[in-house]
Novice: 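Following this message is one structure expressed as structure tokens.
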Protein chains: 2
Amino acid sequence: MAQKQRTSIKRPSSKDVAKLAGVSRATVSAYLNRTRYVSPELSEKIEQAIQELHYTPDPVARALKLQDTKTIGLIIPVMSNFYMPLMQVVNEVAHQNAYGLLLCSSEEDPEREREVLEIFLAKRVSGIMMAPCSEKNRKLLNDIQQKGTPIVQVNRKIDGLEADSVVSHNFKAAYTATEHLIHKGRKRIVFLGYDPDSLVNAEKKTGYDAALADYKIADNLTILVKEHQREQIRTAFRTFLETGQSFDGLICTTQGKTAIGLQLLKAYALRIPQDVAVIGFDDTPWSSLLWPPLTVISENTYTMGEEATKLLLKRIENKEKIAPQHIVLEDELIIREST
Amino acid sequence: MAQKQRTSIKRPSSKDVAKLAGVSRATVSAYLNRTRYVSPELSEKIEQAIQELHYTPDPVARALKLQDTKTIGLIIPVMSNFYMPLMQVVNEVAHQNAYGLLLCSSEEDPEREREVLEIFLAKRVSGIMMAPCSEKNRKLLNDIQQKGTPIVQVNRKIDGLEADSVVSHNFKAAYTATEHLIHKGRKRIVFLGYDPDSLVNAEKKTGYDAALADYKIADNLTILVKEHQREQIRTAFRTFLETGQSFDGLICTTQGKTAIGLQLLKAYALRIPQDVAVIGFDDTPWSSLLWPPLTVISENTYTMGEEATKLLLKRIENKEKIAPQHIVLEDELIIREST
DNA sequence: ATGAAAGCGCTAACAG
DNA sequence: CTGTTAGCGCTTTCAT
């Protein structure tokens, strides 16, 4: 009764093929998976039967037997445009290699992340690609790998975790951004905004701090805010603006923050770059069309995803354990007129 | 050997639970699914056993038996930011209702769309949400529904197909856009760009044509181009610009085209809106930050996804067939300084 | 009210 | 070389 109501004839099984071809199901399986020799004559017959019945192996049954669904599970912390290029490649490469793509966001919540991991595991994904939202699931991730499901971290990584990772050099990127502003003569640079719980963001913050220190700038104007809460970012920055503290530089660490930052600057009639020079993270098609055209740190999310997917697929196919690889991509400073 | 290498003890099955609780697997199943009465005493014992073993039912096995994976399959024509809000809701609502999300893009290719549909079907998704890329798979889609897998179309719909749909009123939107430009005194309005194979795009084109006709404007400046080819759009528009045809209005039918259109206008030193008034589709956080701030038709993709997901879930749960629902959302004209 | 047993469609030992 | 059989973990008649 819970069985799905299917009006038509149900799909053929390997049994049907076997019967029609006059062989055993084992041989059909062998033929399909090239798992042992099958004589040309039988192969021929089987092939015909398959064609005739329009047979396709049932992936669910196969999954039950093999404990693997040929699916890669992708966990991103939040559904934002930033991850689109990533999803694009993962989807494409996965599809090309006959893998499916199971997607879920953790909403920056470690508890939910754990839940999703467990669901993915239960669903027998072949491997997991994820941008971890904290260090909290370190142990779980380790266990998962140990038990044989490869994990590759992308964009964010948990320090010391024995799992592949491909990330941007966030420290350097933020350092470069800050330095660039300093070179432009800015001394009161605000960092919008710092989320101590976020892995990438913390790195960026460190880069910012380091640059400030290296150039002997004492004023550390860090605006603290939970990264993923749109309205909270707005409020935090507005609050800062209301205090009337003077500043002449602004670093926005994500696309979302950049948009909000620019909107508020505009609302407060602050001129860019005369009053405040601004630099954002992530280059988008809009960056050069803004007024003024925005200086950015461009992260190559596409390449990130590409490397990560290749790595993951390699892990899935070659079960032998080799030391985790850690790829770090350099970001690019694109100077436009906002600084 | 193909079996996954799992160093640790394998996960407990309902059999283990049954044994530990001193009952039969049937009872365990009954307890879990509330599918028949189970005495409080046994329930108690079973619950304890479950806790003790950390048992979770195996979704794959369940899927094999039930022919359903509690997963919704999402097919989008292309991985673009436009679909992000959609994915956001689908993911969220699906997750809340304990459904997984399987994602794949059709790359605007009907053949690939067919392939993906077949894969999803084989994988026993509970339902399919899709933005069809052409009318080509009409028959297949019909069959799929007939056989019991609900489909809801989103953003794009195949005319006359017996499947739910929730889309924007593209005709009206384009009409409004064109009319707005006309009211601004523009007479030579270019439509960038027309892809006859694209379902939405064709509707937009019709709206544009209709407005032109209603206002007795003879010059139909339609730039033909395959919608999803980034470089082709650029080339097509550049070619148009090179011809030196005069024009004073520009309608860009997608985010991507808007970005490219603006970039080229800038490159050709055409002033907005003095030389040419431009209106784009889709409001983004950047729209108001561009120079000049961009007039747009804002489509509420989020709501679209929300309605679609609700509809799909309803179809999945209530197996009785009711007539397909067709929801059409009104778009909003947001006037800024580019027109 | 519960248990025993069959079966979803597949693969992989084990025989022959 | 190929067939027979068991079993992956679950649900569901059918019996009791």
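Every chain is numbered from 1, with letters handed out A, B, ... down the list of sequences.
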Novice: Go ahead and write out DNA chain D as dot-bracket, 5' to 3': ( ) for pairs within the strand, [ ] for ones crossing earlier pairs, | when the partner sits on another strand, dots for unpaired; Watson-Crick or G-U wobble, both distances under 3.5 Å.
Specialist: ||||||||||||||||
Novice: The criterion is side-chain contact (heavy atoms from CB on, under 4.5 Å); which residues satisfy it with A/Ala21, sequence neighbours excluded?
Specialist: A/Val23, A/Lys45, A/Ile46, A/Ala49
Novice: Please determine if a side-chain N or O atom of A/Lys10 lies less than 4.0 Å away from the OP1 or OP2 oxygen of C/dG9.
Specialist: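 For C/dG9, OP1/OP2 do have a side-chain N/O of A/Lys10 under 4.0 Å.
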Novice: When you measure from the side-chain N and O atoms of B/Thr27 to the phosphate of C/dA1, is any distance below 4.0 Å, counting only OP1 and OP2?
Specialist: no
Novice: Within less than 4.0 Å of OP1 or OP2 of D/dC10, is there a side-chain N or O belonging to B/Ser14?
Specialist: yes
Novice: What residues, two or more places apart in sequence or in another chain, satisfy salt bridge (Lys or Arg N to Asp or Glu O under 4.0 Å) together with A/Glu135?
Specialist: A/Arg138
Novice: Using a strict cut-off of less than 4.0 Å between a Lys/Arg side-chain nitrogen and an Asp/Glu carboxylate oxygen, indicate whether A/Lys139 and A/Asp143 qualify as a salt bridge.
Specialist: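 Counted as a salt bridge, because a side-chain N and a carboxylate O are separated by less than 4.0 Å.
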Novice: Which residues pass the side-chain hydrogen bond (donor to acceptor under 3.5 Å, both in side chains) test with B/Glu113, not counting sequence neighbours?
Specialist: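 Partners of B/Glu113 under the side-chain hydrogen bond (donor to acceptor under 3.5 Å, both in side chains) test: B/Asn137.
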Novice: Of all residues at least two apart in sequence or in a different chain, which pass the salt bridge (Lys or Arg N to Asp or Glu O under 4.0 Å) check with B/Asp58?
Specialist: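 Counting only residues at least two positions away or on another chain, B/Asp58 forms a salt bridge (Lys or Arg N to Asp or Glu O under 4.0 Å) with A/Arg124.
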Novice: Would you classify B/Tyr31 as touching base, sugar-phosphate or nothing, given that sugar-phosphate means primed atoms plus P, OP1 and OP2, and contacts are heavy atoms under 4.0 Å?
Specialist: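 Result for B/Tyr31 = nothing.
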Novice: I need the CZ-P distance between A/Arg34 and C/dT11, as an integer number of Å.
Specialist: 13 Å
Novice: Taking 4.0 Å as the cut-off, does a side-chain nitrogen or oxygen of A/Gln67 come that near to OP1 or OP2 on D/dG9?
Specialist: yes
Novice: Among C/dG3, D/dC10, C/dG9, which nucleotide sits nearest the side chain of A/Ser13?
Specialist: C/dG9
Novice: What is the distance, rounded to the nearest whole Å, between atom CD1 of A/Ile50 and atom P of C/dC10?
Specialist: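 So the CD1-P distance, A/Ile50 to C/dC10, works out to 10 Å.
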Novice: Just the rounded figure in Å: distance from C1' of D/dG9 to CG of B/Asn33.
Specialist: 13 Å
Novice: State, yes or no, whether a side-chain contact exists between B/Val90 and B/Met129 at a heavy-atom distance under 4.5 Å.
Specialist: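 B/Val90 vs B/Met129: side chains touch.
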Novice: Rounded to the nearest Å, what distance is computed from the CG atom of residue A/Leu64 to the C1' atom of nucleotide D/dA6?
Specialist: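 Distance, rounded to whole Å: 13 Å.
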Novice: Start with the C-alpha distance between A/Thr309 and A/Gln96, add both sets of side-chain angles, then the distance that settles side chain to side chain contact (heavy atoms under 4.5 Å, CB included), and finish with yes or no.
Specialist: CA-CA 12 Å; A/Thr309 313; A/Gln96 276 164 13; over 6 Å; no
Novice: Which of residues 18-26 of chain B sit near DNA chain C, with a heavy atom under 4.0 Å from it?
Specialist: B/Gly22, B/Val23, B/Ser24, B/Ala26
Novice: For nucleotides 14-16 of chain D, print each protein N/O atom paired with a nucleotide N/O atom at under 3.5 Å, atom names and distance only.
Specialist:
none

Novice: Quick one: side-chain contact (heavy atoms from CB on, under 4.5 Å) partners of A/Ser13, sequence neighbours excluded?
Specialist: A/Lys15, A/Asp16
Novice: Separation of B/Lys15 atom NZ from D/dG7 atom C1', in whole Å?
Specialist: 9 Å
Novice: Does the distance from a Lys or Arg side-chain N to an Asp or Glu carboxylate O, for A/Glu108 and A/Lys136, drop under 4.0 Å?
Specialist: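 No, no charged N to carboxylate O under 4.0 Å.
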Novice: State which residues pass salt bridge (Lys or Arg N to Asp or Glu O under 4.0 Å) with B/Arg114; sequence neighbours excluded, sorted by chain then number.
Specialist: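 Once residues adjacent in sequence are excluded, the partners of B/Arg114 under the salt bridge (Lys or Arg N to Asp or Glu O under 4.0 Å) criterion are B/Glu111, B/Glu118.
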Novice: Between A/Ala30 and B/Leu42, which is nearer to the 5' end of DNA chain C once each is assigned its nearest nucleotide?
Specialist: B/Leu42
Novice: Could you tell me how far apart B/Arg62 (CZ) and D/dT12 (P) are, to the nearest whole angstrom?
Specialist: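 About 9 Å, once rounded to whole Å.
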Novice: Rounded to the Å, how far apart are A/Leu66 CG and D/dA6 P?
Specialist: 21 Å
Novice: Using the test side-chain contact (heavy atoms from CB on, under 4.5 Å), find all partners of A/Ile119 that sit at least two apart in sequence or belong to another chain.
Specialist: A/Glu115, A/Lys123, B/His95
Novice: With sequence neighbours left out, write down each residue that passes side-chain contact (heavy atoms from CB on, under 4.5 Å) with B/Glu307, or none if nothing qualifies.
Specialist: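 B/Glu307 satisfies side-chain contact (heavy atoms from CB on, under 4.5 Å) with B/Val166, B/Thr303, B/Lys310, B/Ile327 once adjacent residues are dropped.
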Novice: To the nearest Å, give me how far apart CZ (A/Arg11) and C1' (C/dG9) are.
Specialist: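 From A/Arg11 CZ to C/dG9 C1': 10 Å.
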Novice: With the side chain of A/Lys65 defined as its heavy atoms from C-beta on, choose the nearest nucleotide among D/dT11, C/dC10, C/dG3.
Specialist: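 Among the listed nucleotides, the one closest to the side chain of A/Lys65 is C/dC10.
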Novice: Looking for any heavy atom pair under 4.0 Å, which part of the strands does B/Val38 touch: base, sugar-phosphate only, or nothing?
Specialist: sugar-phosphate
Novice: Among D/dA6, D/dT2, C/dC8, which nucleotide sits nearest the side chain of A/Tyr37?
Specialist: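 Between D/dA6, D/dT2, C/dC8, the one nearest the side chain of A/Tyr37 would be D/dT2.
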Novice: Any salt bridge (Lys or Arg N to Asp or Glu O under 4.0 Å) involving residues 82-103 of chain B? Give me the pairs, sequence neighbours left out, ordered by first then second residue.
Specialist: A/Arg112-B/Glu92
Novice: Name the nucleic acid region contacted by B/Ser29, choosing base, sugar-phosphate or nothing; use a 4.0 angstrom heavy-atom cut-off, strictly under.
Specialist: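 The answer is base, as B/Ser29 lies within the cut-off (heavy atoms under 4.0 Å) of a base atom.
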